[in-house]
**Q** 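Take this structure first; my questions come after.
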Amino acid sequence: MAEPKTAELMDKIVSLCKRRGFIFQSSEIYGGINGFWDYGPLGVELRKNIRDCWWNDMVRRRDDVVGLESSIIMHPKVWEASGHVGGFTDPMVDCKASKQRFRADQIFFAAVVVEGKTVGYVTVLESERIAEELQEKAETFKRKKAIQGKLEPIKPRDFTEATPEEIPLIPSPATGEPGSLTPPRAFNMMFETHVGALSDESSVAYLRPETAQGMFVDFKAILDTGRVKIPFGIAQIGKSFRNEITPRNFIFRSREFEQMEMEYFISDDDDWAKWHRYWIDWCRDWLVSVGIPVSALSEYNHPKEKLAFYSKGTTDLMFKYPFGVQELWGIAARGDYDLTQHGKASGQPMEYFDDLKKKRYVPHVIEPAVGVDRILLAILCSAYCEDQAPNEKGEMETRVVMKLHPRIAPIKVAVFPLLKNKPDLVKKAQEVRDLLRPYMTVFYDEAGAIGRRYRRQDEAGTPFGLTIDFDTLGEKGPELADTVTLRERDTMKQERVKISDLVSKLIERVR
Ligand code: GAP
């Protein structure tokens, strides 16, 4: 079956997430709050499985990475030393007419030039088709104003590149009229709060905008535990908060989100490019291991001239979301900047004494940093499928199925008694549920026709379904007694399996 179109696909995913209990708008009964999301019964399991897989692969299965859980609110000096108080900003633009707020680098505009003369400006918001949309708008502009002559090809620029003379002439994306956009100004994205009873300057603190600073600030404390030797990493999973100007694309850009970050410390004279490549490959392979197709991933190397002065290189693993190819995972080579900054600001040198090299130095760092919510969205987009399956009457109909990798599927197996009004079937089905429960998440469902119960689980992404029927009770003879039908979600193939073999068979397939 043809894949749904991109905007349509996103709508379908959002609606499935709500219908099946993956993700809801936060505080929906009060009209919702922009940039905040709640994870329902299936969403919370999916998130937990993503985190657990990452933690197992990144920390537990390695000798060179240890874990950390630092506090969300840290000493405000942390954020001064890290540069966030001074520089964690996005360029913000207000539309005075509509009172809407935009990120300047997400507004794109172009001059409409006819036979060498600028006759006006057109604007669009960031999308997959910026140049085409601007070109179409420029043609419409020329036609509506009945301007004669040849339209020159448009040259898209973002609003941060607009000159002071151009700003009043550029139409607002909200109203389509020029004259209401303000010049861009720096907007700090950290959420401020106050610690203690007094609300004055001295009590200001911040909700962390990244988990990474915890690893730098606790670097010495972790060294002192004696468990680590360079090269080694410190990993953390936790909530981060950014007052994004334009949260959007569902959970892609939120104001409260969760990060999984790891700081990998290497010696000052080690080959940073080799480690950088190692971690890019590791991250890509890990994404594939949780069900993201390698064909949907690409790499974007930040141009040298746009890197922070201390950065040696940053590569983003990009994912083809329905709304465009966007950053999923950033892997940055940050040199010794962070440890040096905290060493200076705290007066406690963040140095490492290398026994082998017999020297003291500030380690350099490679940082793979990713958002759980972005991975979750990439997984949902990769898993969504529509195919054809027969309904109860044998007629073919469209089936929506989330082809989630069994490793991260919220429910691993669903157990169905064929009929709910037959106590022997129900009893047997409940025995099977209780047999499997210690090993995996099991969902027991006896409500409605069996076909509809399968459909519900297909939408939940449950990889296996078990039906307990009269054959299980031995009514067709002893050979089928204590066997069940095991149905595989993607192929819908069914096989007869002995109850006594279920645990080993399923464990093997869900790990
Ligand atoms: N310590 C480095 C750091 O935080 P970043 O590129 O700003 O780098 C890392 O963020 C990752 O966190 C991103 O690649 C993305 O996956 C996720 N992320 C960042 N901002 C986000 C937001 N507003 N909503 C959801 N995820 C976000």
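Atoms within each ligand, like the ligands themselves, are counted from 1 in listed order.
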**Q** Any idea which protein heavy atom is nearest atom 18 (N) of ligand 1, and the distance to it?
**A**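 For atom 18 (N) of ligand 1, the nearest protein heavy atom is F257 CE1, 3.6 Å.
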**Q** Among all the protein's non-hydrogen atoms, which is closest to atom 10 (O) of ligand 1, and how far away is it?
**A**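 So the nearest neighbour among protein heavy atoms is Q259 NE2, 3.4 Å.
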**Q** By the side chain to side chain donor-acceptor pair (under 3.5 Å) test, which pairs, at least two apart or in different chains, include something from residues 169-182?
**A**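 As it turns out, there is no side chain to side chain donor-acceptor pair (under 3.5 Å) pair with a partner in residues 169-182 once direct neighbours are skipped.
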**Q** What I want to know is whether S254 and ligand 1 share at least one N or O pair that is separated by under 3.5 angstrom.
**A**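 Indeed, backbone or side chain, S254 has an N or O that close.
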**Q** Purely on distance, is any nitrogen or oxygen of V370 under 3.5 Å from one on ligand 1?
**A**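 There is no such contact.
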**Q** Could you tell me which atoms of ligand 1, counted from 1 in the order shown, lie closer than 4.0 angstrom to a heavy atom of E244?
**A**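 Numbered from 1, ligand 1 contributes 22 (C), 23 (N).
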**Q** Can you sort out which atoms of ligand 1 are near E367, meaning under 4.0 Å from one of its heavy atoms?
**A**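 Answer for ligand 1: 1 (N), 2 (C).
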**Q** So, K412 and E45, do they make that salt bridge, N to O below 4.0 Å?
**A**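 Salt bridge between K412 and E45, a charged N being under 4.0 Å from a carboxylate O: no.
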**Q** Would you check whether L328 reaches within less than 4.0 Å of ligand 1, judged by its heavy atoms?
**A**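 It does; at least one heavy atom falls under 4.0 Å.
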**Q** Tell me which protein heavy atom sits closest to atom 15 (C) of ligand 1, plus the residue, atom name and distance to 0.1 Å.
**A**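 Going by distance alone, atom 15 (C) of ligand 1 is nearest to R374 NH1, 3.5 Å.
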**Q** When you check the gap from the basic side-chain N to the acidic O, do K239 and E256 get nearer than 4.0 Å?
**A**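 Yes, charged N to carboxylate O under 4.0 Å.
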**Q** Charged N to carboxylate O below 4.0 Å: is that the case for R185 and D94?
**A**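 Salt bridge: yes.
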**Q** May I ask you to say whether R47 pairs ionically with D373, meaning some side-chain N is under 4.0 Å from a carboxylate O?
**A**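 Judged by the 4.0 Å cut-off on N to carboxylate O distance, R47 and D373 do form a salt bridge.
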**Q** Write out the residue and atom name of the closest protein heavy atom to atom 7 (O) of ligand 1, then the distance separating them to 0.1 Å.
**A**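 Nearest protein contact, heavy atoms only, for atom 7 (O) of ligand 1 is R242 NH1, 2.8 Å.
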**Q** With a 4.0 Å heavy-atom cut-off (strictly under), which part of A212 contacts ligand 1: side chain, backbone, both or neither?
**A**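 A212 to ligand 1: side-chain contact only, backbone stays beyond 4.0 Å.
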**Q** Counting only heavy atoms closer than 4.0 Å, does ligand 1 sit against the backbone of E327, its side chain, both, or neither?
**A**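 It is the side chain that touches ligand 1; the backbone stays farther off.
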**Q** Which atoms of ligand 1 sit under 4.0 Å from any heavy atom of G330?
**A**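 Counting from 1, the qualifying ligand atoms are 14 (O).
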**Q** Identify the protein heavy atom lying closest to atom 17 (C) of ligand 1, giving its residue, its atom name and the separation to 0.1 Å.
**A**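 Nearest neighbour among protein heavy atoms for atom 17 (C) of ligand 1, to 0.1 Å: G371 N, 3.6 Å.
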**Q** Which of these passes side chain to side chain donor-acceptor pair (under 3.5 Å) with D268: K357, K359, H364?
**A**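 Of the listed options, the one satisfying the test is K359.
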**Q** Not counting sequence neighbours, list each pair that qualifies as a salt bridge (Lys or Arg N to Asp or Glu O under 4.0 Å) and has a residue in residues 207-222.
**A**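 Residue pairs passing salt bridge (Lys or Arg N to Asp or Glu O under 4.0 Å), neighbours aside: none found.
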**Q** Is it the case that Q259 and S240 place a side-chain donor and acceptor less than 3.5 Å from each other?
**A**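 On atom types as modelled, these side chains qualify, holding a pair under 3.5 Å.
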**Q** When you measure from atom 25 (C) of ligand 1 to every protein heavy atom, which one gives the shortest distance, and what is it?
**A**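 The closest heavy atom on the protein side is F252 O, 3.1 Å.
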**Q** Salt bridge or not between E459 and R20? Use side-chain N to carboxylate O under 4.0 Å.
**A**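 Yes.
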**Q** For R253, which part has a heavy atom under 4.0 Å from ligand 1: side chain, backbone, both, or neither?
**A**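 Both backbone and side chain of R253 come within 4.0 Å of ligand 1.
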**Q** What protein heavy atom is closest to atom 11 (C) of ligand 1, reported as residue, atom name and distance in Å?
**A**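 Ranking protein heavy atoms by distance from atom 11 (C) of ligand 1, first comes A369 O, 3.6 Å.
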**Q** Taking the basic N atoms (NZ, or NE/NH1/NH2) and the acidic carboxylate oxygens, is any pair closer than 4.0 Å for E258 and R51?
**A**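 Yes, this pair counts.
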**Q** Nearest to atom 1 (N) of ligand 1, what protein heavy atom do you find, and at what distance?
**A**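 The protein heavy atom lying closest is E261 OE2, 2.5 Å.
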**Q** If the threshold is 4.0 Å, N to carboxylate O, is there a salt bridge linking D458 and R489?
**A**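 Salt bridge absent between D458 and R489.
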